[in-house]
Amino acid sequence: MVNDEDAALMCLVRDGDDDAFTRLFARWRAPLVRFTVRFVGDQARGEELAQDVLLKIYRVRERYVPSERFAAYLYRIATNHCLNELRRAEHRTPRVEIEVADEATVDASNPTVDEMLQGDRLQTAVRAAVGRLPPNQRAALLLQHDEGLAYEEIADALETSVAAVKSLLNRARRALMQDLAPLLDRTPEVTA
Amino acid sequence: MIDELLSGSTADLRRPPPEVLNARLDGLLSLDAPTPSASFDTRFAERLTAQRLIERVHAEEAAAPVLEVPGLDALLSRDQPTPSADFDTRFRFFLRRVMVEDGGLRTVAPEALRVPALPPRGHHFTTLPKPGTSPFTMRRVYGIGGLAAAGLFGLWLVGAPFDAVKNADAVPPAESLPLVAHLDLLESLDAVEHIETLSPSVGVVVDRRRETVARLDPAVVEAAEDDELFQLVADLDALEATP
């Protein structure tokens with residue numbers, strides 16, 4: 001049993017405490033939406049996925065075993081859900097994601113780089129660049145950067161080894177640096 | 001930040017060191033932080049309520065006694081699939097291949113690891129010949145063609161007498177010809193209805209035909225442009241003139 005407040009709350013949910021689930025929902029709704037929206041690159045789809053994940057956790061609450069941090073448990077389900085959704089979406093409309101991403105491609109010779117450095121354009125460019133990463137790299141990057149999961153937890157979520165996670169992260173960062181080079185060269189460090 | 005960016009000189013455009021780029025990348029990634037929309041909580045509350053309702057219904061169903069359906073178990077037991085004849089063979093090949101792959105042994109010939117193809121199922125395919133033994137060889141095709149030609153020639157030889165016999169049978173007796181002609185006319189005339197019983201007497205038939213035609217408005221008959229009808233009237237007139 002891990003010493004984790006959220007895991008303890010989830011145990012209460014498992015034992016039939018609906019208020020505990022309300023508290024869990026309030027704590028995790030925003031981080032989960034951030035993860036799923038960034039993963040699939042679409043607000044509506046991402047929110048729907050976040051709800052699916054929360055509902056799934058509620059549905060299988062009786063089988064919950066607090067053997068890891070709740071965050072790792074939650075993001076493992078979320079990652080699998082998002083990957084499945086991407087596979088389904090690819091099957092349905094294979095070009096959609098690419099088309100959306102292409103709109104915001106950052107090119108060093110593109111005269112609109114200055115425009116991109118402003119407000120929403122910058123955010124769109126970053127989201128598009130993340131969206132162009134292969135799903136596994138994207139998942140590893142978001143789980144590490146946004147959600148602060150440890151390598152082991154990411155490896156667990158992606159059902160792979162720690163070494164593979166490090167490799168995925170390196171490749172993801174390298175690809176992003178290449179993709180966002182014009183912005184990175186002109187962007188001072190931003191304190192999050 | 002944007003002002004800083006836009007006011008940056010060309011000296012700032014030099015490629016910064018990797019650690020700086022890494023820090024900038026982290027900063028860029030942090031810029032995109034989507035948040036739940038205003039309706040997110042409401043929509044989730046609805047879905048959660050629905051889920052709880054479903055669970056309640058399931059719980060009630062689970063609490064109810066199991067429905068007994070007489071004979072259902074026996075029916076379900078009838079379907080008992082068993083491994084096909086080649087199941088063991090195929091599994092042995094699969095197992096051998098997995099063992100070789102897992103053991104890293106590459107000395108085994110590839111054909112020794114190839115899993116035999118599953119034969120097609122169903123009675124339609126069980127009698128398919130093996131490759132190279134097709135029943136449709138060229139010799140057999142020519143033979144069938146020759147037999148068919150000989151048969152057609154034979155039919156042509158004996159066909160004429162048959163036609164003569166058939167036509168002889170088809171010719172009606174001379175005395176019934178007017179009646180036959182009128183029966184044909186009757187069938188072809190749409191205006192005549194409900195003539196259920198035809199008299200064998202030509203005279204009666206002629207009378208009824210004449211009455212029928214007489215009931216028709218001459219203007220309608222003229223406008224009908226029905227060649228068949230005019231032909232019928234003409235035939236009737238000719239028939240009446242016949243002694």
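Chain letters run A, B, ... following the sequence lines, proteins first, then strands; residues in each count from 1.
Comment: B:Glu55 does not engage A:Arg59 in a salt bridge, judged by the lack of any side-chain N to carboxylate O separation of less than 4.0 angstrom.
No other option in A:Leu54, A:Thr36, A:Thr22 has as many heavy-atom pairs under 4.5 Å with chain B as A:Leu54. Ranked by non-hydrogen atom pairs under 4.5 Å with chain A, the options B:Asn22, B:Leu25, B:Leu29 are led by B:Leu29.
Closest non-hydrogen pair, A:Arg173 versus B:Asp26, comes out as NH2-OD1, 2.8 Å. In terms of heavy-atom proximity, B:Pro36 sits nearest to A:Arg29 at CB-NH2, 3.7 Å.
Using a 4.5 Å cut-off between heavy atoms, B:Arg52 touches chain A through its side chain atoms alone.
The shortest distance between side-chain heavy atoms of A:Gln51 and B:Glu46 does not fall below 4.5 Å. For the pair A:Phe21 and B:Leu48, the minimum side-chain heavy-atom distance is below 4.5 Å. Between A:Arg34 and B:Asp32, every side-chain heavy-atom pair lies at or beyond the 4.5 Å cut-off.
Here the CZ-CG distance, from B:Phe44 to A:Asp52, works out to 9.5 Å after rounding to the nearest 0.5 Å.
Put simply, the side chain of A:Gln43 gets close to the backbone of B:Thr35: a donor and an acceptor are under 3.5 Å apart. In terms of modelled atom types and a separation under 3.5 Å, the side chain of A:Glu47 and the main chain of B:Ser37 share a donor-acceptor contact.
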Apply the test side chain to side chain contact (heavy atoms under 4.5 Å, CB included) to residues A:Met177 and B:Arg24: give CA-CA distance (whole Å), side-chain angles for both, the deciding distance (0.1 Å), then the verdict.
CA-CA 9 Å; A:Met177 279 193 185; B:Arg24 288 182 181 177; over 6 Å; no
